[in-house]
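Data first, discussion second: the structure below is written as structure tokens.
Note that ligands are numbered from 1 as they come in the structure, with each ligand's atoms numbered from 1 the same way.
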Amino acid sequence: MADSTETADLRALDSEGMLDTVLALPDHLRDALWRIESARLKPMPDSSAAIVCGMGGSAIGGDLAAAAIGDQLTKELLTVRGYELPSWAPAGAAVLCSSYSGNTEETLACYAAAEALGAGRVVATTGGQLADSARADGVPVVGLPSGMPPRAAVGYMFCVAAELASLAEASLPIRTEIDAAASHLENRSEDIQARAAEIAGLIGDAVPVFYGAGLTSPVAYRWKTQVNENGKQPAFSSPLPEASHNEIAGWEGSRRRLACVLLSDVDQHPREARRFEVNGDLIEPHAAAVIRVKAEGVTRTTRLLELVMLGDLVSLHLAARHGVDPSPIEAIDALKARLGAP
Ligand code: F6R
């Protein structure tokens, strides 16, 4: 960490070691590859689509994998967040049901729906009802290490979703890229930590709005959800170019209470790159800050994962700044308790 005072601040309220878990992303990626290998999953080459079912921290891996694979995808890789598979879901789909706890009701409902559809199923979980059902049904399970908040298992969820794409022959495997990205993140860790402190300082007490496009679109959503859950503060995200056709007009009423964070990529469509520039310029007079972050690195996987780690660290800095412990998510726990069993 570039500044030891910053580290001490981050650790002061971090009751469950979230900082160390975020910094362990390279290890998580390597461990995930090993666990996937050990699960000896069978190819599902006849699958017409690959579908990742999950919620929150267990769903984002699907979006991130689709973004990392990008135009190398030859079939749909879709993330479903909810109780049902899409009405068009083909019987021959390959379905990954991903739930860190194994007890998320929406994911359990999709697991049952996938069986009814006759889909090929795979499960990623630490246990719970999902693991019990999968074992009873003979569905292969990628076992995840327990003991972390689900959202901190992003590296695992990303790797399993990417593996689903390869099992369904929706893409070539990206295991080598993931392994290289892990080494890259390890080498860049200090710089990423320093940049995270800087970005959080620029956001300050404003409500952040994260923009991404293409590769960075699900990353912007990840940053938003991490600021929500770790920082316990409102945050929003929008994809470009769409936001430049509507949301940009709303900044006029922001009265400098919102901070605009533009997450671009070195290998962006040139018109998207131009839109990042112009949107930022036009938002500037109305924003508390306009912060431009560009993903660098050789592969899409490396750039994506570096931005994920950066955003996770930004959220921890914002948590420290607002005097909150990043790990507990009382609102989500209260909501689940109040809903009760379905
Ligand atoms: C908590 C978190 C949540 C959970 C979500 C689904 O850290 O990130 O978004 O991921 O409530 O729970 P699981 O992941 O157990 O299926």
note = Those residues with a heavy-atom separation under 4.0 Å from ligand 1 are Met55, Gly56, Gly57, Ser58, Ser99, Tyr100, Ser101, Thr104, Pro149, Pro150, Arg151, Glu229, Ile329, Lys336
Parallel, tilted or perpendicular: rings of Phe210 and Trp223 (30°, 60°) = perpendicular
key: Gln268 versus Ala213, closest heavy-atom pair with distance   = NE2-O, 3.0 Å
task = Please report the closest heavy-atom contact between Ala220 and Leu263, naming both atoms and the distance.
result = CA-CD1, 3.6 Å
inquiry  = Is the shortest side-chain heavy-atom distance between Glu76 and Ile51 below 4.5 Å?
reply    = no
For residues 127-146, dump all side-chain donor-acceptor pairs below 3.5 Å to protein atoms at least two apart in sequence or in another chain.
unit_1	atom_1	unit_2	atom_2	d
Ser133	OG	Gln129	O	2.9
Asp137	OD2	Tyr111	OH	2.6

query = Do Leu304 and Arg300 come within less than 4.5 Å of each other through their side chains, counting heavy atoms only?
reply = no
